[in-house]
There are 2 protein chains.
Amino acid sequence: MSDAVSDTEPHAAFSQHDHAHCVATTLQQAERVATERGLRLTPVRRRVLEILLERHSAMGAYDVLERLAEEGFGHQPPVAYRALDFLVANGLAHRIRRINAFIACDHPGEAHHAAFLVCETCNGVAEIPADGLRAMLEAGARSTGFAIGRATIEAAGQCPECRARAEQGTDNEAQE
Amino acid sequence: MSDAVSDTEPHAAFSQHDHAHCVATTLQQAERVATERGLRLTPVRRRVLEILLERHSAMGAYDVLERLAEEGFGHQPPVAYRALDFLVANGLAHRIRRINAFIACDHPGEAHHAAFLVCETCNGVAEIPADGLRAMLEAGARSTGFAIGRATIEAAGQCPECRARAEQGTDNEAQE
DNA sequence: TATTGACTTGTGATAACATAACACATATCT
DNA sequence: AGATATGTGTTATGTTATCACAAGTCAATA
Ligand SMILES: [Zn+2]
Ligand SMILES: [Zn+2]
Ligand SMILES: [Zn+2]
Ligand SMILES: [Zn+2]
């Protein structure tokens with residue numbers, strides 16, 4: 001049987017890799033960005049970024065808050081939301097609206113538009129480049145006179161690993 | 001300088017038009033779709049669709065619920081959510097995640113992918129064709145082996161009318 | 001006709017997500 | 001030090017969404 005997946009290059013979010021390297025380089029980039037722009041990457045903010053960086057999936061604000069509380073930071077929602085909002089506002093994290101969650105940015109500091117692939121099975125989230133998508137969206141909007149500020153581009157589906165796993169199980173999956 | 005907006009073709013959501021015509025034709029289409037597919041467009045469901053069709057902007061579930069309650073339907077959130085979920089599942093309405101709201105579909109029954117332009121000033125929402133965007137997104141996903149189910153493409157910004165209004169005000173709005 | 005089974009609508013309760021308002025602390029600048 | 005802006009923590013509340021269960025509707029069929 002031919003494997004439809006085998007000839008692709010899976011995103012780091014959906015495959016085994018040296019994640020410590022992801023964390024180190026991204027955190028380093030984030031720190032450089034903060035310095036360059038005079039942002040105050042305070043203890044809470046930095047810790048939230050580190051927590052998000054632990055996995056290639058998105059975390060809800062309350063999950064982040066729980067971690068913060070355990071570690072001696074505040075126990076109330078605004079503590080998490082403020083740090084998360086700071087990170088998002090400064091391009092160090094992204095908000096995934098489909099699942100009300102947040103994820104660390106893969107390329108902080110580099111001007112880019114991103115789209116997100118959200119696996120409905122394992123909850124992994126991959127950030128993929130979306131400059132072309134953004135340009136196309138912008139073109140569509142311009143023809144109606146609409147001026148785009150920010151865009152949200154998200155896809156829900158199944159990542160290659162979960163897809164392969166599903167192939168083994170022979171059940172028919174019902175669609176939504 | 002020429003007016004950057006004047007030569008565009010504004011979307012119905014952002015300009016004066018015969019809205020009764022919008023409502024009539026869309027509702028008619030929706031009814032045809034329901035009949036063809038054996039869907040039960042019950043009183044609540046139909047009423048919710050009519051309520052959404054009243055304006056070219058999105059409504060929150062609780063706003064819909066309030067209307068339903070006034071009109072003798074149930075008073076509890078599931079009443080609204082179930083009807084809305086039914087409409088979304090069957091392509092008669094769309095969910096706008098950026099603002100946690102719902103809007104009637106412009107072209108029920110016609111297979112299409114849509115993107116949405118959400119005006120942050122007047123809360124108008126325009127549905128625009130997104131088959132090209134979807135194809136591009138799909139291409140990006142495929143290169144990572146990801147299989148897309150549903151996609152969310154939304155832009156927040158300013159509609160042509162609000163943009164024009166803002167231009168007039170810029171001289172006066174220098175001070176707060 | 002009466003039974004059945006799938007589906008729909010309603011309810012109360014609760015979960016999950018997000019912000020308002022205010023007090024106090026800490027950094028920055030003069 | 002004093003003035004100003006920013007950040008952190010708190011309590012309280014607002015907003016969005018789902019769960020679990022009872023009762024009603026409807027159509028096929030025994
Ligand atoms: Zn990694
Ligand atoms: Zn997966
Ligand atoms: Zn209209
Ligand atoms: Zn507008």
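All chains are named by letter (A, B, ...) in the order of the sequence lines, taking the proteins before the strands, and each is independently numbered beginning at 1.
Listed by first then second residue, pairs satisfying salt bridge (charged side-chain N to carboxylate O under 4.0 Å, His left out) with a partner in residues 59-77 of chain B read R47(B)-E71(B), E54(B)-R67(B), R67(B)-E71(B), not counting sequence neighbours. Under the salt bridge (charged side-chain N to carboxylate O under 4.0 Å, His left out) criterion, no residue pair touches residues 82-110 of chain A, with sequence neighbours excluded.
In terms of the side chain to side chain contact (heavy atoms under 4.5 Å, CB included) criterion, residue partners of T25(A) (sequence neighbours excluded) are, by chain and number, H21(A). Evaluation of the ring-ring contact (aromatic ring centres under 6.0 Å, His included) rule for F14(B) yields F146(A) as partners, not counting sequence neighbours. Taking the ring-ring contact (aromatic ring centres under 6.0 Å, His included) definition, one finds that H17(A) meets it with H19(A), H56(A), sequence neighbours left out. For H112(B), the ring-ring contact (aromatic ring centres under 6.0 Å, His included) test picks out H94(B), H107(B), with sequence neighbours left out. For A147(A), the side chain to side chain contact (heavy atoms under 4.5 Å, CB included) partners at least two apart in sequence or on another chain are R163(B).
Summary of the strand contacts: T42(B) and Y81(A) both lie near DNA chain C, and taking for each the nucleotide with the nearest heavy atom, the more 5' one is attributed to T42(B). Nucleotides of DNA chain C nearest to V44(B) and N100(B) differ in position, and the one nearer the 5' end is that of V44(B). With the nearest nucleotide of DNA chain D identified for both Q76(B) and V79(A), V79(A) has the one nearer the 5' end.
For the segment residues 50-71 of chain B, the set of residues with a heavy atom within less than 4.0 Å of an atom of DNA chain C is empty.
One atom, CZ of R47(B), and another, C1' of dT8(C), lie 19 Å apart when rounded to the nearest Å. In this entry the distance linking CZ of F86(B) with C1' of dG10(C) reads 18 Å, nearest Å. Atom CZ in F73(B) sits about 7 Å away from atom P in dG10(C), given to the nearest Å.
Running 5' to 3' along DNA chain D, contacts with non-hydrogen atoms of chain A at under 4.0 Å begin and end at dT6(D) to dT11(D).
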Going by atom type alone, with no hydrogens or angles, which donor-acceptor pairs under 3.5 Å involve a side-chain atom of residues 72-80 of chain A and a protein atom two or more places apart or on another chain?
none

Could you pull out every donor-acceptor pair under 3.5 Å between side chains of residues 116-125 of chain B and any protein atom, sequence neighbours left out?
| from | atom 1 | to | atom 2 | distance (Å) |
| --- | --- | --- | --- | --- |
| E120(B) | OE2 | R150(A) | NH2 | 2.9 |
| T121(B) | OG1 | Q158(B) | NE2 | 3.2 |

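Using a 4.0 Å heavy-atom distance criterion, R97(A) is classed as making no nucleic acid contact.
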Per-nucleotide protein contact along nucleotides 20-30 of chain C, 5' to 3', at a 4.0 Å heavy-atom cut-off (B base, S sugar-phosphate only, - neither), is B------S---
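Here the OG1 atom belonging to T26(A) is positioned 5.5 Å from the CG atom belonging to L53(A), to the nearest 0.5 angstrom.
With hydrogens and angles disregarded, a donor-acceptor distance shorter than 3.5 Å links the side chain of T144(B) to the backbone of A141(B).
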